[in-house]
Amino acid sequence: MSADPPAPPVTLDRESETPLAVQLADALRSAAADGRLRSGDRLPSTRALATRLNVSRTVTSAAYEQLHAEGWIAGKHGSGTYITTAPPGSLPESTPRPKRGAAAQTLIDFTPGTPWAGGIDRAAWRRAWRAAADAPPLMRPERAGLPEYREVIAEHLLRHRGLRVGGEDETVLATSGTSSAVSELAFAVLGPGATVAIEEPGYQRAAAAMTAAGLNVIQAPVDVEGFRVDSVPAGVKAVYCSPAHQYPLGGRMPAGRRVELVERARRDGFLVIEDDYDGELRYDVAPLPLLAALAPDVVVHLGTTSKILTPTLGTGWMVAPPAVVSAILEFRDRTGIGPAIAGQRVLIEYARNGDLGRHLRRLRRELSERRWLVVDALREAGFEVLGDDAGAHVVIPLSSARAERDVRVKAEEFGARIDGLTRHHAGRPRWHGIALGYAACSRDELNSVLPQLIDLLKQADRA
């Protein structure tokens, strides 16, 4: 192999609350997106880059793993790691260019996890921000989060998730979102060297946060019903799963499996991290008990407003056993890291006059109608559809990575950005298919793109 290329345009802020691996991944992703790094550029090895940036190799490896999972970089045996995604307007000749008239710069977003931001009542949203701005500045940090915010979350969990927790005590903690909460758990509770089992395929950003904190992350295979308890090896300190709507396959963990998981957690002495990222979005299925309701002594429950409002609000929550809560608060005191107050104030005001409840009712009604539109069209065309009981995306299995890639690339030709299952694996992909989100687009865009997408899926199915 030739000598390592020059260091990429990266600056790390060691005073920042953001983990170094996340900063590095963000910097490389931005450089690839704006053209400072171009498709085909070779990156330094993880060892060489760690030396140049004066960080551990764990940091550079975690950043590369995250970018590989997202499809920004790829490794070529014997020749190194390369940028694989071109910035807008500078596609390499080998990349199919959008047809004339297609949205080359702004693709319609059909990726899972993106919320229905267009459905937020703008007047209510402005009212909440104005009221939040009227609050006097705090003279000291609220390490657990604003008491009023925790009360709102306690009410939200009881009303929409059937989980009864105390709002006044510190069993409910404010967080900056799921990834931030996972990072806090990794540093404050689990500690470097601890072994954690995470779903495969699964939420790779959580895996990257754990790896950046020095955890040993083991991939635990899932099936169509979600996390498999028998895939958890002995000796783990925690298990990370999304039982309400497994990400990305959409499986719903059966009641028996939930009981089996928490019983094993008690027996073997590990924590269960329950990611309830879109648990409010249920349709014609009866709610199953949250893991936190079954076993509050061994379950850490994580939630977020990212999927029901907007990720830019930067608000989430954690419900955890007392020992975990104490460790998190001690970590926040020691490091000065903690959730921002602004987003908490906005959510307090948005909930105060019932606007949050009204939004959730509109959201469920709208997404339920879209879900039927998508599922009926796909099944009428003869396709298997997974994950339609809840959430805001469905999965259409395909036979190979090539079929998945062909559908994604051709969809971009007519202006649609869709997601595949391959990038949600840390190891060799076991599942292939399309993960189709139906929240971020408009109803008209969904109606327009769905027939074209079905045609692409039929072509891929015949290939």
Side-chain angles (χ1 to χ4, degrees), residues 19-22 56-59 61-62 65-66 170-171 173 175 177-222 226-243 246-247 253 257-277 290-303 316-332 334-335 337 426-427:
L20 293 176
V22 176
S56 72
R57 193 178 178 189
T58 300
V59 169
S61 295
E65 287 172 9
Q66 177 65 24
E170 292 184 339
T171 58
L173 297 181
T175 71
T178 299
S179 297
S180 174
V182 168
S183 182
E184 286 191 304
L185 287 167
F187 280 106
V189 179
L190 302 174
T195 298
V196 178
I198 188 169
E199 297 168 325
E200 172 80 340
Y203 187 38
Q204 295 305 311
R205 185 172 290 179
M210 294 176 183
T211 302
L215 272 59
N216 176 32
V217 178
I218 294 177
Q219 310 302 321
V222 303
F227 192 80
R228 287 173 35 202
V229 183
D230 62 2
S231 69
V232 180
V236 300
K237 197 168 180 180
V239 161
Y240 176 95
C241 60
S242 47
Q246 197 276 330
Y247 187 81
M253 188 186 291
R257 221 181 257 194
R258 295 176 186 228
V259 172
E260 181 185 2
L261 177 59
V262 297
E263 286 181 346
R264 182 170 171 193
R266 285 170 170 156
R267 184 179 68 247
D268 293 357
F270 61 77
L271 279 177
V272 177
I273 303 172
E274 177 182 38
D275 183 351
D276 198 45
Y277 68 98
L290 290 170
L291 298 180
L294 291 174
D297 53 320
V298 294
V299 175
V300 176
H301 175 88
L302 303 180
W317 55 88
M318 176 190 301
V319 179
V324 173
V325 170
S326 295
I328 294 291
L329 294 180
E330 181 183 344
F331 174 75
R332 291 179 179 179
R334 189 172 66 250
T335 62
I337 295 173

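In this structure, CG in D230 is found 8.5 Å from CZ in R264, a value given to the nearest 0.5 Å. Interatomic distance, OG1 of T335 versus CD of E184, reported as 7.5 Å (0.5 Å rounding). In this structure, OG1 on T178 lies 10.0 Å from CZ on R205, to the nearest 0.5 angstrom. With values rounded to the nearest 0.5 angstrom, L20 atom CG is found 11.5 Å from T58 atom OG1. To the nearest 0.5 angstrom, L173 atom CG is 13.0 Å from W317 atom CH2. For the atom pair I198 CD1 and I218 CD1, the distance stands at 11.5 Å (nearest 0.5 Å).
With contacts defined as side-chain heavy-atom distances shorter than 4.5 Å, the pair M210/L190 does not qualify.
The ring pair (Phe, Tyr, Trp, His ring centres under 6.0 Å) analysis of residues 179-220, with sequence neighbours excluded, yields the pairs Y203-Y247.
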Evaluation steps, side-chain contact (heavy atoms from CB on, under 4.5 Å), between M318 and L185: CA-CA 10 Å; M318 176 190 301; L185 287 167; 4.0 Å; yes
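Taking every heavy atom of both residues into account, V182 and A206 meet most closely at CG1-O, 3.8 Å. Nearest heavy atoms, A292 versus E274: N-OE1, 3.2 Å. Here the closest non-hydrogen pair linking V217 and A207 is CG2-O, 4.0 Å. Annotation for A295 and V262: closest pair CB-CB, 3.7 Å, computed over non-hydrogen atoms. Heavy-atom minimum distance, E200 versus G427: OE2-N, 3.1 Å. Among all heavy-atom pairs drawn from A209 and S179, the shortest one is CB-O, 4.3 Å.
Just one residue in the list L261, I273, V222, V229 forms a side-chain contact (heavy atoms from CB on, under 4.5 Å) with C241, and that residue is L261. For the side-chain contact (heavy atoms from CB on, under 4.5 Å) test with V272, the passing option among V300, L294, V232, L291 is L291; the others fail.
Not one N or O on the side chain of E260 forms a donor-acceptor pair closer than 3.5 Å with the backbone of R228. The main-chain N or O of A426 is never found under 3.5 Å from a side-chain atom of Q219 such that the two would form a donor-acceptor pair.
For the residue pair S242 / D275, no side-chain donor-acceptor distance below 3.5 Å is found, with atom types taken as modelled.
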